[in-house]
Each structure stands twice: as C-alpha cells, then as structure tokens.
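This one's a predicted model, so the numbers in the text were calculated from it and none came from an experiment. Residue numbers start from 1 in every chain, and the chains themselves are labelled A, B, ... in the order their sequence lines are given, proteins ahead of strands.
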Amino acid sequence: MIDIKMLRKDPEAFKVALRNRGYDEKMIDEILKIDEEWRKLTSEINSLRAKRNEISKKVAAAKREKRDEEASKLIEEGKKIGDLIKKLEEDQRKLEEKQREILLRIPNIPHESVPVGEDETYNVEVRRWGEPTKFDFEPKAHWDIGPDLNLLDIERAGKLSGSRFVLLYDKLAKLERALINFMLDLHTKEHGYKEVWVPHLVKRETMTWSGQLPKFEEEAYNTKKDDLFLIPTAEVPLVNLHAGEILSEDDLPLKYVAYSPCYRREAGSYGKDVRGMIRNHQFDKVELVWYTKPERSYEDLETLVSHAEEVLKRLKIPYRVVLLSTGDMGFTASKTYDIEVWLPSYNNYKEISSCSNTEAFQSRRSKTRFRRKDGKVENVHLLNGSGLAVGRTLVAILENYQQPDGSVKIPEALVPYTGFEVIP
RNA sequence: GGAGGCGUAGCCUAAUUGGCUAAGGCGUCGGUCUUGAAAACCGAUGGGGUGAACGCCCCGUGUGGGUUCGAGUCCCACCGCCUCCGCCA
C-alpha cells in the first residue's frame with residue numbers, strides 16, 4: 001500500500017510512477033478527491049466530539065452537585081450531538097472503505113534506479129556468470145530426459161491432478177529433496193538466515209497484507225469453506241510473521257529462510273511454458289525474506305541477490321542477473337532483480353529467482369514497524385527473494401549436466417546431499 | 001466440536017456500583033548534574049486532523065458492532081491464547 005501522506009505531498013510523482021508501470025493514473029485523482037472529503041468530514045466530527053466530551057464532563061459535575069434539572073438539559077443536548085456524530089461517522093466509514101478499495105489496488109512506486117519501460121524488453125542485464133553450456137551432442141530438454149529415464153512422470157500426474165503437475169521417482173525425487181536441504185543449509189549456516197517452517201494455508205488478511213489480494217484472487221487456490229488460501233510462495237507467511245508488532249531497532253535486520261511448496265493457479269498463462277515442469281501449479285521453493293531499516297534496504301537487496309546467486313555458483317550452473325523495468329515488475333516491488341538460469345531447451349536464460357525490495361509497501365498493510373533509538377516508530381522495509389525455485393533448479397541440472405548416454409551428472413556440491421554422483 | 005477462563009501501552013502490572021487526564025513500575029531516548037560514567041531528578045516514548053510555528057483537538061484497553069449524555073468497565077459477534085472433555089496422525 002502506498003503512503004497516503006506522501007501522495008498528498010506529491011501526487012504528480014505517483015502519477016508518473018503509475019504511468020511508467022502501465023497503470024491508469026486516474027486512481028490518484030480519485031483517491032485525492034476522497035481524501036479531501038474525508039479530511040473535511042473528520043475535522044467536523046472531531047469538533048463535535050470535543051463538544052460532546054465537554055458536555056459529558058458537565059453532566060458529571062451537575063450530577064455530583066445535585067443540579068438534576070441542569071443535568072437532564074445537558075443530557076438532552078448531548079444526545080442530539082451524539083446522533084449527529086453517528087450519522088457523520090457512517091459517511092466517514094463509507095469514504096474510508098471506498099478509499100481503501102482503491103488504495104489496495106495501487107501498485108508500489110518504482111525506485112529511481114529502475115529502468116523505465118513498458119515491458120521486459122526494457123529490462124537491463126546487470127551481469128553474467130559462466131558461459132552457456134556447450135554440448136558435443138544434441139542436448140535434450142528435461143521433458144525428454146526425465147521420462148526417458150523413467151523418473152519424471154507427467155502422464156500419471158495428469159491422471160491424478162490435471163495438467164501442470166508432475167510426479168518424480170527414485171533419484172529424481174531424492175534430487176529434489178537434496179536441493180532443498182542444500183539450499184537451506186547454505187542460507188542458514190553461511191548466510192545467517194533463521195529457518196522457518198511455515199503454514200501452507202493462510203487467512204484472507206494474510207494474503208491481503210502481503211499484496212496478493214485483492215488484485216490477484218484469480219491466481220490463488222482458495223478453500224471455500226474456511227476462506228483459507230494455499231500460499232503461492234513462503235513469502236506470504238514470512239513477511240506477515242511480525243504483523244502488528246513493533247520490533248526493536250537492534251533486532252534488525254531479521255533474515256528468514258523457509259522451504260515450502262508453492263501453489264499457483266497460473267490463470268492467464270495458457271500456452272506459456274506448457275511442456276515439462278517449468279510452470280506447474282505446485283512447485284517447491286526456498287524463500288529468503290529480510291526485515292530491515294529503510295536507510296539500508298537497497299544495500300541489503302544486493303546482498304540478498306548475492307545469496308541467491310551463490311546457490312547457482314556452487315552448483316556451477318550458468319546464469320545472469322537482470323534488473324526489471326517498471327513495466328515488468330511485480331505489484332508489490334519497488335525494485336526487482338531476476339536471476340535467470342541457462343536452459344538448453346529454451347536456448348536462453350529462464351527466471352529461477354526474483355528478488356525484490358518492497359520498501360514499506362507490505363509493512364504498511366501488515367503494520368509491521370520498528371522503534372528507533374530515539375523512540376520514533378517507523379515501518380520496516382521488507383525484501384524477498386527466491387533462493388531458489390527448487391523445481392527449476394532441478395530442471396537446470398538435468399539439462400546442463402546431461403551426458404551423451406542420457407544419464408545426468410550430479411553437481412559436486414550436491415553429492416553429499418544425494419549420496420550418488422550420477423542419475424540413474 | 002463441548003465447558004470454563006483470559007486479552008490494558010515496547011514489556012510488566014492497576015483502575016469503587018460506568019464519570020474529570022488509563023495510575024504505577026521497567027525498558028528506551030533526550031536533558032540537568034559530572035572530567036567521564038553511574039545514581040538522582042526533569043521530560044519524551046501509539047495513530048490521526050488542523051496550523052508557518054508554540055499549540056489546539058480527536059481517536060486508541062485483541063477486532064467489529066451495540067447500550068449510554070458518557071464504556072477498560074455492561075451486552076452481542078468474531079479473532080487469539082490458556083485449562084478441562086471429546087476426536088485424532
């Protein structure tokens with residue numbers, strides 16, 4: 001959620017931001033109009049309440065001194081004011097509701113360092129690591145490698161759950177598990193994250209605070225009976241961990257890592273990445289989240305990205321880092337780096353991690369704040385990033401480590417976790 | 001699912017039968033004092049409106065309603081926590 005006080009000060013900046021993101025800037029004027037009405041009404045209500053409080057005091061005094069007639073006159077007067085207040089409060093409530101509805105659908109404001117552009121063609125490649133893998137044979141795509149080894153079963157998954165699901169067997173199942181443990185160990189032991197095991201079902205508010213709702217309800221799986229949502233990423237529980245709390249400045253930054261499955265309906269992505277296990281309704285991910293102070297959040301974002309990159313470096317898989325343009329960024333982000341891994345089947349780089357600074361966009365919604373040494377209370381900045389998407393990492397290993405005979409080598413760093421060096 | 005209890009500020013704890021400003025303690029920050037520190041003392045320590053500013057005013061006792069001139073206090077619903085019972089991997 002954007003900051004209404006900032007909006008009052010500089011509406012033009014917000015309009016530019018919305019335009020750059022491809023949103024309708026009309027929303028800003030609507031908000032301002034409602035805000036003006038709201039402030040007028042609020043002042044009116046305030047002074048009425050002041051008058052009522054005064055009368056209440058007089059009633060108490062009159063009763064104490066047994067001036068019953070005066071008291072009942074005052075009570076009569078108070079009653080009238082009370083009724084008026086109630087009526088105005090109803091109007092005020094309606095205005096607030098209307099404003100909140102719009103406010104919740106306004107995306108975050110891009111940071112000044114973000115390239116302006118309407119789509120991904122304006123993204124900027126920041127760096128590359130390694131070279132695209134070369135083969136002296138015709139490399140296969142993972143949707144062939146897996147089934148050829150009888151370890152990836154898309155057909156039976158379809159029977160069980162429909163399209164965009166997979167089954168993994170034997171060494172491939174174990175590879176998935178090994179990757180999760182490898183990533184969690186790396187981030188907890190070497191990068192200083194605290195491991196969290198999170199609920200996979202969360203309340204509607206939780207989804208709203210992290211920015212998934214109300215705008216993206218179509219994207220989420222919902223259990224109708226209890227109105228709980230399957231998490232699309234562990235980011236959702238992690239960034240809401242301290243909702244409503246006031247943290248101590250000394251506690252920051254807080255760094256959390258969580259493994260969880262992610263559930264996404266992928267509505268509107270028909271025809272996109274239909275083959276294999278690149279875009280599934282369910283996939284595993286190890287997620288990194290930082291709670292940090294505003295003055296250092298952009299520096300911390302760079303650190304977070306480097307932590308995610310380290311996974312690929314250890315696995316020796318070529319990748320590049322891309323700075324997303326205003327038109328390609330997610331709803332909650334002020335700035336986002338994608339890490340893209342080399343996939344021979346795409347003959348291109350493919351997103352495997354997305355690392356964002358959401359500044360106070362999420363923490364304003366969830367009321368997650370911290371107290372500075374001088375007593376001032378402020379919203380924390382929240383960063384999130386995949387470290388990494390496990391399914392796509394598995395795909396990257398299959399495709400980049402495939403051998404001419406159809407087998408797949410296991411990256412050296414992973415062997416302690418798999419217990420084998422080659423598949424099958 | 002059933003019965004009961006609880007929810008007060010960053011934390012801990014009070015508040016006659018509804019009535020003046022939610023008392024007090026701890027912590028934190030600032031100040032006085034000091035060579036420096038501690039102690040002591042003074043002040044600040046949730047949100048909002050208005051104003052150039054000193055300030056003025058409103059809201060805030062888990063959340064949302066209700067009763068009342070007036071609610072921490074009374075009523076209803078919900079959420080969360082605890083105890084007991086039932087069910088359960």
Side-chain angles (χ1 to χ4, degrees), chain A residues 1-9 31-101 103-104 197-209 213 223 225-229 237 240-254 291 293 295 360 363-380:
Chain A
M1 196 155 60
I2 57 167
D3 186 352
I4 185 83
K5 277 188 273 183
M6 301 283 282
L7 179 67
R8 281 176 196 147
K9 262 190 230 153
I31 291 266
L32 285 175
K33 200 175 140 241
I34 294 169
D35 186 52
E36 201 174 314
E37 275 178 66
W38 178 86
R39 280 188 293 173
K40 217 179 120 206
L41 194 57
T42 301
S43 291
E44 205 175 322
I45 291 171
N46 270 354
S47 53
L48 282 174
R49 278 206 271 241
K51 208 180 283 177
R52 186 186 62 184
N53 289 345
E54 207 177 307
I55 288 170
S56 288
K57 280 180 203 166
K58 283 188 190 159
V59 170
K63 280 203 169 172
R64 211 171 23 245
E65 290 157 29
K66 300 271 188 256
R67 297 189 310 244
D68 287 348
E69 200 175 313
E70 187 185 339
S72 51
K73 248 175 86 181
L74 286 165
I75 285 172
E76 201 52 42
E77 198 180 335
K79 207 171 197 161
K80 267 187 217 154
I81 293 178
D83 288 344
L84 184 55
I85 289 174
K86 214 171 256 181
K87 200 179 136 280
L88 294 180
E89 276 175 341
E90 175 64 19
D91 295 344
Q92 186 189 38
R93 202 186 52 78
K94 276 185 196 150
L95 281 178
E96 281 169 0
E97 214 169 273
K98 226 162 96 186
Q99 185 182 55
R100 185 178 156 77
E101 215 166 274
L103 224 41
L104 284 176
W197 187 88
V198 298
H200 300 169
L201 287 162
V202 297
K203 294 193 264 190
R204 181 172 285 274
E205 297 102 274
T206 311
M207 289 285 275
T208 306
W209 294 336
L213 297 179
T223 67
K225 257 191 183 157
D226 303 294
D227 205 27
L228 291 173
F229 292 81
N240 284 304
L241 223 51
H242 299 287
E245 296 180 22
I246 298 179
L247 303 164
S248 152
E249 183 172 2
D250 297 331
D251 294 339
L252 301 178
L254 286 169
Y291 290 67
K293 291 191 273 184
E295 61 269 29
S363 64
R364 260 193 297 275
R365 291 184 176 210
S366 62
K367 295 198 172 64
T368 307
R369 295 170 293 177
F370 74 102
R371 188 182 299 278
R372 289 202 187 265
K373 291 263 187 288
D374 63 5
K376 292 268 186 304
V377 175
E378 246 179 276
N379 288 297
V380 300

Rounding to the closest angstrom, what is the interatomic distance between [N] and [M] at atom [atom1]?
| N | M | atom1 | value |
| --- | --- | --- | --- |
| B/U67 | B/A14 | P | 32 Å |
| B/G31 | B/A37 | P | 10 Å |
| B/G19 | B/U13 | C1' | 24 Å |
| B/G43 | B/C75 | C1' | 42 Å |
| B/C57 | B/C6 | C1' | 35 Å |
| B/G5 | B/C76 | P | 12 Å |
| B/A15 | B/U61 | C1' | 11 Å |
| B/A44 | B/G55 | P | 11 Å |

Can you measure [X] atom [atom1] to [N] atom [atom2] for me and round it to whole angstrom units?
| X | N | atom1 | atom2 | result |
| --- | --- | --- | --- | --- |
| A/K58 | B/G19 | NZ | C1' | 16 Å |
| A/E44 | B/C57 | CD | C1' | 15 Å |
| A/E205 | B/C79 | CD | C1' | 9 Å |
| A/R52 | B/C69 | CZ | P | 11 Å |
| A/N53 | B/A71 | CG | C1' | 12 Å |
| A/E245 | B/G80 | CD | C1' | 13 Å |
| A/R371 | B/G30 | CZ | P | 14 Å |
| A/I55 | B/C69 | CD1 | P | 12 Å |

Under-4.0 Å salt bridge between [X] and [Y]:
| X | Y | result |
| --- | --- | --- |
| A/R93 | A/E90 | yes |
| A/E77 | A/K73 | no |
| A/E89 | A/R49 | yes |

So what does A/R49 touch, heavy atoms closer than 4.0 Å: a base, only the sugar-phosphate, or nothing? sugar-phosphate
Using a cut-off of 4.0 Å on non-hydrogen atoms, how would the nucleic acid contact of A/K63 be classed: base, sugar-phosphate, or nothing? base
Ignoring hydrogens and angles, tell me if any N or O in the side chain of A/R364 forms a donor-acceptor pair with the backbone of A/M1 under 3.5 Å. yes
So, the side chain of A/R365 versus the backbone of A/T208: is there a donor-acceptor pair under 3.5 Å, distance only? yes
In the structure shown, which nucleotide is the Watson-Crick or G-U wobble counterpart of [N], with both distances under 3.5 Å?
| N | result |
| --- | --- |
| B/A14 | none |
| B/A40 | B/U32 |
| B/C56 | B/G49 |
| B/U63 | B/A77 |
| B/G1 | B/C85 |
| B/G19 | B/C69 |

Taking for A/E378 and for A/K79 the nucleotide of RNA chain B with the nearest heavy atom, the one nearer the 5' end belongs to A/E378
Want to settle it: does A/K373 or A/R64 sit nearer the 5' end of RNA chain B, counting the closest nucleotide to each? A/R64
Check the phosphate of [N] against [X], side-chain N and O only, distance under 4.0 Å to OP1 or OP2. Yes or no?
| X | N | answer |
| --- | --- | --- |
| A/K57 | B/U21 | yes |
| A/R369 | B/G46 | no |
| A/K5 | B/G48 | yes |
| A/K86 | B/G65 | no |

Which distance, rounded to the nearest 0.5 Å, do you find between the CD1 of A/I81 and the CG of A/L88? 11.5 Å
With respect to the side chain of [X], which nucleotide from [options] is positioned closest?
| X | options | value |
| --- | --- | --- |
| A/V59 | B/G19, B/G10, B/G49 | B/G19 |
| A/S56 | B/C58, B/G47, B/G70 | B/G70 |
| A/S43 | B/C69, B/U50, B/G65 | B/U50 |

Heavy-atom count around A/E249 CD within 6.0 Å, excluding the residue itself: above 12? yes
